[in-house]
Amino acid sequence: MTNTNSIKELLTGNKKGETVNINGWVRTFRNNQFIALNDGSTINNLQIVIDFNDYEDSFLKRINPGTAIGVEGELVESLGKGQTVEIKANKVEIYGDSDPEKYPLQPKRHSLEFLREIAHLRFRTNTFGAVFRVRNSLSFAIHKFFNERDFVYMHTPIITGSDAEGAGEMFKVTTLDLENPPKNEEGHIDYKQDFFEKPTNLTVSGQLEAELGAMAFSKVYTFGPTFRAENSNTSRHLAEFWMIEPEIAFADINDDMDLAEELLKYVINYVLENNIEDLRFLEQRLIQEEKQKPQNERSDMPLIEKLKFVLENDFERLTYTEAIEILLRSKPNKKKKFKYVIEKWGADLQSEHERYLVEKHFKKPVILTDYPKDIKAFYMKVNDDNNTVRAMDILFPGIGEIVGGSQREERYDVLLERMNKMGVPADEMQWYLDTRRFGSAEHAGFGLGFERLVQFVTGMGNIRDVIAFPRYPGNARF
RNA sequence: GCCUCCAUAGCUCAGUUGGUUAGAGCGGCGGACUGUUAAUCCGUAGGUCCAAGGUUCAAGUCCUUGUGGAGGCGCCA
């Protein structure tokens with residue numbers, strides 16, 4: 001049987017009365033009559049009604065959770081209560097059996113930890129079906145947003161010869177024999193004999209290359225995988241994750257913040273308009289999950305309300321200096337409830353401080369700007385006070401930093417001086433500096449962690465559950 | 001990398017101050033029923049109590065180490 005329809009399409013009901021073909025995987029088979037069929041196109045199942053007198057017992061026993069089948073039948077109004085339409089089957093064909101003794105997914109609740117161990121099958125659950133359909137929508141919405149605004153989608157290299165991106169530990173890329181690497185006269189590894197004739201790594205950011213693009217196309221963005229070899233063991237870090245990095249020329253930090261806020265609202269709105277059934281399921285899932293938690297750890301809003309709240313409210317914008325003043329005056333700081341008590345301007349904000357600002361003080365997304373230059377990267381534009389840089393971080397409730405960005409330093413001399421002071425090898429990065437030598441212009445950009453966005457929109461607590469096959473310390477399965 | 005907690009049936013869990021034969025629900029298997037909605041009802045099988053060592057007359061239970069998992073912190077997106 002050829003699949004000419006999706007369940008999503010058939011459930012709209014405008015093919016009622018027609019004979020249709022449908023393929024999918026059995027979720028449950030009740031009463032020897034009712035097959036709940038799912039094909040991944042929607043969270044909803046299509047009910048297939050069969051007359052068990054038409055089939056051998058041995059055939060009916062093969063219809064189990066996970067079995068792949070094809071059905072031909074008439075789409076009719078349902079006699080039962082749980083659905084509007086169903087298929088009265090004329091013909092059922094089994095494509096692939098699913099041994100019920102061995103198939104790990106039962107029609108019951110499984111723990112997310114267990115499903116993570118069978119990540120190759122977890123797409124077939126309601127939760128992960130919803131998560132990955134939302135992930136797909138977010139991905140599409142991001143491209144749509146930039147495309148509608150004449151951004152050029154740029155593919156920056158995955159393998160980089162630069163180790164100065166400064167965003168974290170890198171994974172080495174080599175074809176040398178690690179058991180017996182060639183050595184040079186000084187006894188060091190001789191990278192001249194390596195594939196690229198120099199040390200190379202997996203990229204930790206496409207930003208520097210995106211800046212080069214912005215200095216020609218005016219508006220560019222990247223959307224690709226990034227790799228960090230940090231030994232991070234948290235529910236918001238991955239060793240391989242996807243990042244969106246727009247870069248805009250003739251723009252300052254305010255344009256940058258406007259762009260980021262507009263993008264986040266646009267994609268959240270897109271998902272609300274296109275994935276509402278998945279979101280409703282995820283909202284219920286989260287409510288059930290949080291019933292196990294004490295009251296004060298539960299979300300103060302249901303998922304969909306939270307998403308609408310983000311859409312309808314301006315993000316709170318304030319400077320690092322203002323944030324420090326709020327924190328210094330805050331109760332947990334005065335009563336020394338913070339693990340790291342804020343004592344003076346210049347302190348790096350810990351996640352407990354960010355959480356206080358977002359979840360307790362403002363109760364909405366916050367954009368912090370103008371951080372002390374000593375705690376930020378070399379490429380950020382130095383303010384006239386010579387103490388702060390035009391950095392901006394967007395902090396979201398529950399997940400912390402979702403966006404990190406800045407206006408870039410476009411002045412050749414200032415940039416070169418900062419590189420030298422911070423130990424960034426300027427001679428190896430002449431290509432980067434060249435944009436400041438030839439037609440330099442104000443420009444800005446940011447990095448948006450895609451998985452953190454998916455986490456926020458789906459309400460999933462662990463980042464390992466919003467990417468198909470997560471990579472983290474000690475784990476590269478599948 | 002650091003701190004805390006957890007590990008019992010295929011899954012989700014219970015198991016008292018250490019006490020002799022380790023339980024339940026779901027799932028599986030056998031049967032009944034046949035407009036069900038994680039169907040229901042009856043019956044039944046299923047255990048290296050994470051691993052190694054130790055304490056004890058006696059360890060699922062206490063101790064040590066290891067392994068795996070979760071949460072938090074740091075690094076960041």
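These numbers were taken from a predicted model, which means no experiment stands behind them. Lettering of chains follows the sequences in order, A, B, ..., and the numbering in each one begins at 1.
A cation-pi contact, defined as under 6.0 Å to the ring centre and within 45° of the axis, is absent between A:Arg471 and A:Phe469.
Salt bridge A:Arg122/A:Asp465: present, at least one basic N to carboxylate O contact under 4.0 Å. The existence of a salt bridge linking A:Asp97 and A:Lys61 is excluded, since no basic side-chain nitrogen approaches an acidic carboxylate oxygen closer than 4.0 Å.
In this structure, A:Ile463 atom CD1 and B:rA77 atom C1' are separated by 8 Å, rounded to whole Å. A:Glu247 has its CD atom 13 Å from the P atom of B:rA77, to the nearest Å. In this structure, NZ of A:Lys61 is placed 12 Å from C1' of B:rG28, rounded to the nearest angstrom. The interatomic distance linking A:Ile48 (CD1) with B:rU36 (C1') rounds to 14 Å, in whole Å. If you take CE of A:Met380 and P of B:rC76, they are 10 Å apart, rounded to a whole angstrom. Between the CG atom of A:Asp57 and the P atom of B:rG30 there is a distance of 11 Å, rounded to whole Å. In this structure, A:Leu37 atom CG and B:rU36 atom C1' are separated by 16 Å, rounded to whole Å. Distance, A:Ile467 CD1 to B:rA77 P: 17 Å, rounded to whole Å.
Residues A:Phe362 and A:Phe315 keep their aromatic ring centres 6.0 Å or farther apart. The six-membered or imidazole ring of A:His143 lies near that of A:Tyr221, with a centre-to-centre distance under 6.0 Å.
Annotation: B:rA38 and B:rC11 have their C1' atoms spaced 14 Å apart (nearest Å). With both ends at atom C1', the span from B:rA59 to B:rG15 equals 14 Å, rounded to whole Å. Comparing the C1' positions of B:rG69 and B:rA24 gives a spacing of 24 Å, expressed to the nearest Å.
Scored by the side-chain hydrogen bond (donor to acceptor under 3.5 Å, both in side chains) test, A:Ser330 finds no partners at all (sequence neighbours excluded).
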Contact letters for nucleotides 68-73 of chain B, in which S counts primed atoms plus P, OP1 and OP2 and B counts the base, heavy atoms under 4.0 Å: -SSSBB
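Using a 4.0 Å heavy-atom distance criterion, A:Gly447 is classed as a sugar-phosphate-only contact. Heavy atoms of A:Ser111 sit under 4.0 angstrom from primed sugar atoms or phosphate atoms, though from no base atom. Here A:Leu238 lies in heavy-atom contact (under 4.0 Å) with a base. Here A:Glu86 lies in heavy-atom contact (under 4.0 Å) with a base. Note on A:Phe114: only backbone sugar-phosphate atoms sit closer than 4.0 angstrom, heavy atoms only; bases stay farther off. Among the atoms of the strands shown, none is found under 4.0 Å from any heavy atom of A:Pro104. Using a 4.0 Å heavy-atom distance criterion, A:Leu79 is classed as a base contact.
A distance of 5.0 Å separates CG in A:Leu395 from CG in A:Leu368, rounded to the nearest 0.5 Å.
Considering only side-chain atoms of A:Gln83, the nucleotide from B:rC76, B:rU36, B:rC29 that sits closest is B:rU36. Residue A:Phe241 places its side chain closer to B:rA77 than to any other of B:rG28, B:rA77, B:rG35. Comparing B:rU37, B:rG28, B:rC11 by their nearest atom to the side chain of A:Glu101 picks out B:rG28.
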Salt bridge (charged side-chain N to carboxylate O under 4.0 Å, His left out) between A:Lys376 and A:Asp370, intermediate numbers included: CA-CA 10 Å; A:Lys376 287 291 180 182; A:Asp370 301 289; over 6 Å; no
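Applying the 4.0 Å criterion to OP1 and OP2 of B:rU34, one finds that A:Asn32 has every side-chain N and O outside that range.
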Using nucleotides 38-40 of chain B, report all nitrogen or oxygen pairs with the protein that are shorter than 3.5 Å.
unit_1 : atom_1 : unit_2   : atom_2 : d
B:rA38 : N1     : A:Arg109 : N      : 3.1
B:rA38 : N3     : A:Pro107 : O      : 2.1
B:rA38 : N3     : A:Lys108 : N      : 3.2
B:rA39 : OP2    : A:Thr28  : OG1    : 3.2
B:rA39 : OP2    : A:Arg30  : NH1    : 2.6
B:rA39 : N6     : A:Asn31  : OD1    : 2.8
B:rA39 : N1     : A:Asn31  : OD1    : 3.3

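Between A:Phe140 and A:Tyr270, the ring planes are tilted. Angles from 30° to 60° get that label.
Within 6.0 Å of CZ on A:Arg298 lie more than 12 heavy atoms contributed by other residues, nucleotides or ligands. Around atom CD of A:Glu262, more than 12 heavy atoms belonging to other residues, nucleotides or ligands sit under 6.0 Å away.
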